[in-house]
Amino acid sequence: MKNDRTGIILDSPMKRRTRDIITRILRHTILLLGSIAMLIPFFWMISTSFKVPEEILVWPPKLLPSNPTLENYFTVFSTIPIFRYLLNSLLIASVSTISVLITSLVAGYIFAKFRFPGRNFVFLIILATAIVPLESYIVPFYLQMIDLGWVNTYQGIIAPFSIMSFGIFLMRQHIMSTVPDDYIDAARIDGASEWNIFLRIVVPFSTSALGALGIFAFIQAWGAFLWPLLMANDHRIFNMELGLTAFQFKFSVMYGPLMAGSVLNIIPMIIAFIFLRRQIIESVALSGLKA
Amino acid sequence: MNVSGLEIASREKEKPKGLIKMFLKAFGKNPYARSKNIFIIAMLTPILFIYFYLRVYPILRTFVLSLYNWNFLLPNHTFIGFQNFVSLFSDDHFLLALKNTTIFSLATVILGVVVSLPLSIVLAGKMKFSPFYQAVFFLPYITPMAAMAVAWKWIYDSQYGILNYFLSIFHIPPVGWLVYPDTALWAIIIMSVWKNIGYNMILFMVGIKNIPISYTEAAQLDGAGRFDMFRYITFPLLQPMLLFVLVTSTINAYNVFTQVYVMTLGSQSAPGSAVNVLVYDIYTNFFQYHKAGYASAEAVVLTLIVLVLTLIQFRFIRNREE
């Protein structure tokens, strides 16, 4: 400690500046190499998807396609109804998200601003079940879907994603800290109905948190794999992930069409990320705020 | 305003005695209380009912089912006590799955933290292009797992994979990464770390940004070097976030499925190359052999492992804080 201290004080400004520049260059070099490593899978996937078959299986591999072709994409379009899968993914993720938003907002509001017997106990149960992932109770869940006759239906795929413990928790925290009690009490005295208070005061105060939660819920439902795999027997209700996997079984070693299928699969999320990068990162960061 | 606030406060302090009094209080003459209670009951009951049906009930039922021998396609099921658990621990498939999943979890959690913690410290500081780097490292996290698993399968390809090509520059002979269970497990670990670095990074950055500037400024005035800063300021104050990252990544790691399924179980992987993990074993026992009780017992073991690890992590971090 002591040496360090005197060391810094004795450094001339010049020396310190050169050292700063060196660390900065070193830092950027490492980060740049890391970034390249992170992007290689994307690059390789995209590059392969535009190659003709003869160019894919060559040694040494070619970095870029010498005569780019859309053939692989045509193969995908003519083999699987990828637009249908895209619409299915959108439907499943949107309905789940809307359901998560409504239930989280209402329950969060009631847990934040009302007192009733058993409130803390019920809330504790919601918190406790939050750490148990679907995989842990997937067996009874599937049996419940059989009982409801929901196997192989959209509602069956959506069911587990339609409610989110973390969402209820998040909205409760948000409403507790941002919606003033005075507003609610004043509205009540002015004769506003509870429903009106909810719509006119609570909803407008919660839009930012709802936006973040919505993005989070959407990403989760969009990337779902195991549950749709169990639920969907009919390929007409496949989401994009399942469609791609089925496609993979058909075209086991044909990497051209496979990579084209993967590229099509990630495009919606990439587009969303380009336009909503900040919001998406913030919404994911929010999930850590409870720590 | 003030008066009504007091009124509400005093009313809420009264404890109801008995159900009838509670009911009268809920729907009695006070119009505020009545409309409030109608709102709570009308809005919360359906949500709690759905919540119970979709979460609480299946979680509890897993424990009950684990005590039965039941082919779920047939109606009759017999109570067998802890027999399923006894069989599990002499079941080679299960034991292998347990071992693989544990190696996978340890490796991904440790590597994930070791890579993302320094990364987030650097990126949280003032530096050029930080948002660009953040976006790049975060990108894999939001892309769908199945698609990226297919892409990585191509990277790991034993004949034409780019990884083997890269290694051949250093005269390392080609390896069938996904052909052998041992290398396949590590190949999947690397892929999973790649996929989730961005998530850990963002969480750590939240933690770092929550550290009050006065702390770091005071340390700088005292002449603390970069390492001292990390050792005495950043790291101790980051403990709650570290705990959160450890807990969530352990839970996620123990429930790994998609990348394993896509990368090793496709038609093209060699027979016997499948890396069995717990969730995959549950999936097989339930959907191929229809053993609802046995699969539930496996799920119970999975839940208990995750629960115990979470508690240990809590204890460990708490003790270090003291």
Least distance between heavy atoms, [X] atom then [Y] atom:
| X | Y | answer |
| --- | --- | --- |
| Val262(B) | Gln248(A) | O-NE2, 3.4 Å |
| Val150(B) | Met259(A) | O-CE, 3.6 Å |
| Ala151(B) | Pro41(A) | CB-O, 4.5 Å |
| Pro144(B) | Trp222(A) | CG-NE1, 3.8 Å |
| Val284(A) | Tyr141(B) | CG2-CE2, 4.1 Å |
| Tyr53(B) | Gln144(A) | O-NE2, 2.7 Å |

- Item | Any donor-acceptor N/O pair, Arg24(A) side chain to Lys128(B) backbone, under 3.5 Å | no
- Would one find more than 12 heavy atoms of other residues, nucleotides or ligands at under 6.0 Å from atom CZ of Phe43(A)? yes
- Message: Heavy-atom cut-off 4.5 Å, strictly under: side chain, backbone, both or neither for Leu148(A) against chain B?
- Response: side chain
- Pick one of side chain, backbone, both or neither for Ser104(A), based on which atoms fall under 4.5 Å of a heavy atom in chain B.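 Neither part.
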- Which of residues 293-301 of chain B get closer than 4.5 angstrom to chain A, counting heavy atoms alone?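 The list, in residue order, reads Ala295(B), Ser296(B), Ala299(B).
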- Message: Does either side chain, that of Tyr51(B) or that of Thr129(A), offer a donor lying less than 3.5 Å from an acceptor on the other one?
- Response: yes
- Centroid-centroid distance, Tyr255(A) to Tyr160(B), less than 6.0 Å: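 Not under 6.0 Å, so no.
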- Task: Flag the pair Phe287(B) / Tyr142(A) as yes when their ring centroid distance falls below 6.0 Å, and as no otherwise.
- Result: yes
- So do the side chains of Arg277(A) and Gln134(B) get within less than 4.5 Å of each other, counting heavy atoms only?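 Heavy-atom side-chain distance check fails, nothing below 4.5 Å.
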- Note on the structure: Rounding to 0.5 Å, atoms CZ (Arg61(B)) and CG (Leu143(A)) come to a distance of 5.0 Å
